Amino acid sequence: MNKKTKIIGMSFLLSMGLLAGCGSSESSGSTGSEKVVIGYFPNIDHAPAMVAREKGYYEKELGKNVKVEYKTFPDGGAFMTALKTGDIDAGLVGPGPVMNNFTNGADVKIIAGASSGGTAIVASKQSGINSVEDFTGKSFITPGVGCTHDVQMETFLQDYGISSARIGGTLKHVTGNPAQYASMFESGKVDLAAVPEPWASQLVKEAGAKIIVDSSKISYGKTLPNTILVASGKKIKADKEVIAKIVKAQNEAIDFINKNPDEAKKITVQSIKEITKQGLDQDVMDTAWTHIRFTEEVNQDVIQQFANSSIELKFIKDKPDFKALIDTQFIN
């Protein structure tokens, strides 16, 4: 979610600034000579990584001679830095920061999807906002400039002739950690948030916020792979078999999630709590879960459309061919 790009970011997000965060890591598995590091965010849409970790799918697929470590991140910018420096081998992130970095020459490939949906636009109860027509002159927050949620919101607003102050409009934009949005709403620092689950449902329950645009109505809400599995092109060439096993492990986790939603929710809630120190009520989780679809599919056409929106909104300067960004050999 950096620089001038918009594109998805999704996934991005959460945890409170004290996340095991930008560089926290834990290891599990054997003490073999090889090591694989998986990155992800403490968000519901990153549940495939949390379930795969809890169930030991990465360790099972990679074998006893490989030590698996995990790192969690607060945003896509920190994740992409870790991927580019080799601090992580693969992981889950939103398409936004991936596309942004790709257009700037980063060696990154989308190798599978993880989830889609889950982003909503909510308003604080003291904002006086009841519909999109009330947005003019207000302020909104997203996890980062050009992140997935940012792009989704600004694309949606184009139809209403509303744009952010970043490109000459009246809607003031700030960035921040979704876990802190409730306090920002209550203090009156921001009026609106384009936010992923579970934070949208959490804001409704704890801060009395109102959902103005739900996850099915926001741009690309149903079709955009808002959390994707990525690796560097260099890693794919050097360790193709390892990457294939990582994809297989994630697919096992997705299959488990879809067949065992109740247990998957418990694993996700516990994992988020361990990282963010913030618990989630069962009813919040149940509501949020219905807004997300877990799938390894990657819709290339939607990725390109999302990129086109980012260009129109001036998050990205040039129009690259994002077909080169997606490596389908592992999901096929």
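Residue numbers count from 1 along this sequence. Quick caveat, the model's predicted, so the values are computed rather than measured.
Interatomic distance, L192 CG to L171 CG, rounded to the nearest 0.5 Å: 6.5 Å.
Not one N or O on the side chain of D281 forms a donor-acceptor pair closer than 3.5 Å with the backbone of D283. At least one donor-acceptor pair closer than 3.5 Å links the side chain of S115 to the backbone N or O of D45. The backbone N or O of G113 lies less than 3.5 Å from a partner atom in the side chain of Q250, making a donor-acceptor pair.
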* Does the side-chain contact (heavy atoms from CB on, under 4.5 Å) test come out yes or no for K210 and V204, once each step is laid out? -> CA-CA 6 Å; K210 181 177 183 178; V204 170; over 6 Å; no
* Given side-chain contact (heavy atoms from CB on, under 4.5 Å), test I272 with I44 step by step and report yes or no. => CA-CA 8 Å; I272 291 175; I44 286 183; 4.2 Å; yes
* Can D134 and K138 be said to form a salt bridge (Lys or Arg N to Asp or Glu O under 4.0 Å), step by step? -> CA-CA 8 Å; D134 300 324; K138 300 293 186 176; over 6 Å; no
* Does the side-chain contact (heavy atoms from CB on, under 4.5 Å) test come out yes or no for K222 and R293, once each step is laid out? -> CA-CA 8 Å; K222 292 182 177 180; R293 183 171 69 98; over 6 Å; no
* Derivation and outcome, side-chain contact (heavy atoms from CB on, under 4.5 Å), residues M99 and F306 -> CA-CA 10 Å; M99 290 189 239; F306 188 80; 3.3 Å; yes
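Between K234 and D107 there is no salt bridge, since no side-chain nitrogen of the basic residue lies less than 4.0 Å from a carboxylate oxygen of the acidic one. Comment: E241 engages K245 in a salt bridge, judged by a side-chain N to carboxylate O separation of less than 4.0 angstrom. With respect to the salt-bridge test (charged N to carboxylate O, under 4.0 angstrom), the residues K266 and E54 do not qualify. Salt-bridge formation is detected for the pair E154/R166: a Lys NZ or Arg NE/NH1/NH2 atom is positioned less than 4.0 Å from an Asp or Glu carboxylate oxygen. In summary, E69 and K67 engage in a salt bridge, as defined by a charged side-chain N under 4.0 Å from a carboxylate O. Classification of K55 and E59 as a salt-bridged pair fails, no side-chain N sitting under 4.0 Å from a carboxylate O.
Between Y58 and Y70, the ring-plane angle classifies as tilted under the 30° and 60° cut-offs.
Defined by atom type and a distance below 3.5 Å, a donor-acceptor pair is present between the side-chain atoms of D286 and Q282. No hydrogens or angles considered: a donor-acceptor pair under 3.5 Å links the side chains of S139 and D191. Under 3.5 Å, the side chains of T142 and H173 contain a donor-acceptor pair of N or O atoms. A side-chain donor-acceptor contact under 3.5 Å links Y220 and S309. At a cut-off of 3.5 Å, with distance as the only test, no side-chain donor of Q305 or D301 sits close to an acceptor on the other residue. For the residue pair T119/Q152, the side-chain donor-acceptor check at 3.5 Å is satisfied.
Within 6.0 Å of atom NZ in K265, more than 12 heavy atoms from other residues, nucleotides or ligands are found, so the atom counts as buried in its surroundings. Taking a 6.0 Å sphere around NZ of K205, one finds it holds more than 12 heavy atoms contributed by other residues, nucleotides or ligands.
With sequence neighbours excluded, the residues forming a side chain to side chain contact (heavy atoms under 4.5 Å, CB included) with T328 are Q300, I326, I331, N332, listed by chain and number.
In this structure, H46 has its ring center closer than 6.0 angstrom to the ring center of F41.
Contact detail for S127 and S124: the closest heavy-atom pair is OG-O, 2.7 Å. Shortest non-hydrogen contact noted between F185 and A123 is CE2-C, 3.8 Å.
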